[in-house]
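Quick note: numbers below take in every heavy atom, side chains included, and nothing from hydrogens, waters or symmetry partners. Throughout, a chain's letter reflects where its sequence line sits, starting with A, and its residues are numbered from 1. From a predicted model like this one, the values you see are computed outputs, not experimental measurements.
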Amino acid sequence: MTLRLLFEEIRSNIQKISNDLGYPTVEFDISEASKPEFGDVSCNIGFLLAKPLKKRPSEISESVANEYQKHKGEFVSKITVHPSGYLNFVANYETLARSVMQSSTEQNYGQFNVGNNTKIVVEHTSVNPNKALHIGHVRNIIIGDTVARILHKACYDVQVLNYVDDSGLQVADIIVGFKYGGFAKEPLQNQKFDHYCGDVVYVSITERYEKEPSLAEKRAIVLKELEEGSSEMAKFGDEITRRVLEEQLKTCWRLGVTYDCLNFESQIVRSRLWTTVLEKMKSMGIIYLENEGKNVGCWVIKSDSEVEEDKILIRSNGIATYIAKDIPYATWKLGILEDPFYYKHYAMQKNDRILWETTLENTGTKLNFTGDTVITVIDSRQSRLQKIITKIISDFKSKGKQYTHLGYESVTLSSDTAKTLNLETGGKSVQMSGRKGLYVNADYVLDILGVKTYEEAKKRNPELDEVTLVKIAEQVAVGALRYSMIKQDLDKIITFDMAESLSLEGDTGPYIQYAHARSMRILEKAGKTPDFNVSFDNLNTEHERNLVKTIGKFDMHVEDSAKNLSPKMIARYCYDLAVSFNSFYEHIKVLTAESPEMINARLCLVWSFKETLVKALSLLGIDAPARM
RNA sequence: GGGCCUGUAGCUCAGCUUGGACAGAGUGCUGGACUUCUAAUCCAGUGGUCAAGGGAUCGAAGCCCUUCGGGCCCGCCA
């Protein structure tokens with residue numbers, strides 16, 4: 001097992017001692033010591049009892065320590081009291097090392113049961129299928145994918161959805177471009193179709209609306225025809241959006257992201273879901289038909305507060321608004337209503353994960369992609385709308401169902417990067433805009449990163465063949481991008497700078513991957529599998545102990561990360577693990593250690609590290625190449 | 001006007017949920033370490049009134065209040 005055992009042992013012993021001494025019950029903390037010289041684990045019980053017992057914290061800690069000395073347990077070797085009042089513990093490293101290292105070789109090491117196999121749905125990506133994915137979408141995708149991976153590790157039964165908004169205005173725009181704007185259906189050269197639609201057709205056509213009112217009129221007509229499912233226009237729209245989607249998904253797969261099911265908005269609109277939900281909301285009195293005032297003739301959600309406006313769900317012309325389309329989808333995700341869809345196979349993804357799509361045609365296949373908890377990953381500019389949806393869902397009072405909006409701040413472009421897109425911002429960063437062509441495509445970033453990582457890998461490993469080098473370069477490029485999107489807090493804006501994103505040193509994905517490559521090299525050169533059935537008494541330098549401890553913390557970080565829906569905690573852990581290893585690597589020789597026993601023990605440690613890092617990195621969707 | 005987020009080293013950020021021991025990284029800058037398991041590395045130095053003020057507490061970067069700065073959202077757009 002892991003460091004968790006050490007913590008739990010100390011906790012239960014102190015609880016018992018405190019009871020035996022007749023102390024009042026307090027919620028004391030067992031935490032990692034803040035500095036190595038204090039030991040490994042600290043307890044603050046002295047501070048908490050100081051007031052009720054009218055004694056100095058150190059005095060109380062002293063009494064507890066005296067009792068503790070009598071039966072130290074399996075994992076503690078030393079107890080000390082710091083003058084400040086803290087009660088500090090030093091681990092029994094031999095026991096700890098054996099315990100940690102043996103469990104680290106298990107297949108499911110790091111797993112921790114938070115979810116109890118509860119069904120949970122994560123929806124992310126959900127990009128309009130009229131353009132390529134840009135760096136802002138990547139943050140959404142990587143957060144969603146990482147959270148899904150972590151929840152899976154924390155024993156949730158996870159399904160991942162991607163909502164395809166194929167019936168909106170943005171789609172109409174590119175259709176106008178093809179039908180009336182004079183754009184050829186095929187891009188020139190080898191341009192990806194999604195890049196063509198977004199970078200060329202979409203940007204130009206929105207620019208032309210201003211000068212050509214006739215085009216803008218066409219848009220309204222196209223939009224209307226798109227919503228009528230059987231029209232020629234709808235068929236054409238379907239063909240185009242599917243081609244864009246296909247290209248978008250290639251980018252997602254390139255990033256190591258996979259899904260379980262694609263939901264098409266057009267189908268939700270045409271299905272009976274919408275009318276059912278509408279009736280339900282009407283009958284429950286959640287929405288009202290406005291008889292007077294500026295919203296006359298609209299179905300609205302009444303606002304609770306004075307200052308907030310009522311929210312219109314159905315316009316006076318009978319057409320639903322943007323937010324209205326999200327409500328039936330939310331109920332579908334939670335499985336509140338009967339599922340109107342059939343399912344068909346869309347694609348086979350890596351690791352044999354099948355990607356399904358919804359369909360209204362009777363394929364005979366019924367599947368279930370719903371969950372008791374739904375997590376919708378959307379940037380926090382949508383917080384207001386998401387709050388309304390959450391409220392409506394909770395009004396439905398379906399037992400045990402929970403709708404959660406996982407928000408995050410947006411990605412902006414640095415002033416320098418904006419300048420390369422011909423926008424002078426005067427040193428300020430700027431919000432991206434698909435409409436204005438102000439964005440950096442994900443594929444482009446990966447390509448540029450790939451060139452750099454390829455050159456590096458080739459320089460370091462001239463003997464490797466081309467195919468291997470290209471693969472390593474791509475893995476490192478993806479690692480760099482994914483890590484940069486996840487290491488920061490969700491509430492912090494990421495200012496994307498092209499030049500800066502090419503720096504691969506320090507707190508980056510490649511730094512962590514490099515630690516793995518180093519460990520692999522040692523194991524490779526050792527030429528044998530280490531024997532774990534030995535004593536690890538000899539691993540007694542600070543570097544070795546520190547590495548053992550860090551390895552042993554994996555499951556605690558999985559638990560925290562899952563409970564807080566905080567992917568950065570795992571990023572942080574991967575970095576800490578790599579730092580521990582690199583420090584070990586620089587100071588401790590493995591293959592040239594003084595005795596065969598020492599070599600074996602250190603090889604075990606390297607092996608444990610490697611196994612743990614690979615598992616932790618896989619939660620971030622980052623591959624760990626053996627060479628780089 | 002209302003709501004959400006944010007302010008910690010020159011720059012980018014951890015730490016804040018759950019208050020406690022001298023406030024940590026990366027980057028930058030200065031210097032050092034490759035005939036050695038890959039230097040995408042390591043080691044040392046440099047660098048901070050934790051935006052400001054007040055409050056409760058034995059104790060605040062953290063909790064509460066006020067103020068100031070920055071971002072975002074408040075449409076019969078999506």
Distance in angstrom units between A:Arg384 CZ and B:rC73 P, rounded: 11 Å
A:Phe47 ring center within less than 6.0 Å of A:Tyr86 ring center: yes
Below 4.0 Å: OP1/OP2 of B:rG7 and any side-chain N or O of A:Lys492: yes
Rounded distance (Å) that lies between atom C1' of B:rC74 and atom NZ of A:Lys311: 7 Å
Ring center gap for A:His543 and A:Phe584 short of 6.0 angstrom: no
Separation of B:rU17 P from A:Glu559 CD (nearest whole Å): 17 Å
Whichever of A:Tyr322 and A:Asn44 has its nearest RNA chain B nucleotide further upstream toward 5': A:Asn44
Spacing of A:Ile493 atom CD1 relative to B:rC73 atom C1', expressed in whole Å: 13 Å
A:Tyr329/A:Tyr163 aromatic ring centres below 6.0 Å: yes
Check: A:Tyr408 main-chain N/O paired with A:Ser380 side-chain donor or acceptor under 3.5 Å: yes
Sugar-phosphate only, base, or nothing, as touched by A:Lys294 at under 4.0 Å among non-hydrogen atoms: base
Which nucleotides of RNA chain B pair, in dot-bracket form (Watson-Crick or G-U under 3.5 Å, | meaning another strand): (((((((..((((......[...))))((((((.......))))))....(((((..]....))))))))))))....
Closest to the A:Asp489 side chain, choosing from B:rC37, B:rA14, B:rU27: B:rA14
Stacking of A:Phe47 on B:rG59 base (centres under 5.5 Å, planes under 30°): no
Nearest-angstrom distance from the residue atom CZ of A:Arg219 to P of B:rC77: 11 Å
Short side-chain to backbone donor-acceptor contact, A:Ser42 and A:Asn88, under 3.5 Å: no
Polar pair under 3.5 Å, donor/acceptor by atom type, side chain A:Ser316, base B:rC76: yes
Any donor-acceptor N/O pair, A:Asp379 side chain to A:Arg381 backbone, under 3.5 Å: yes
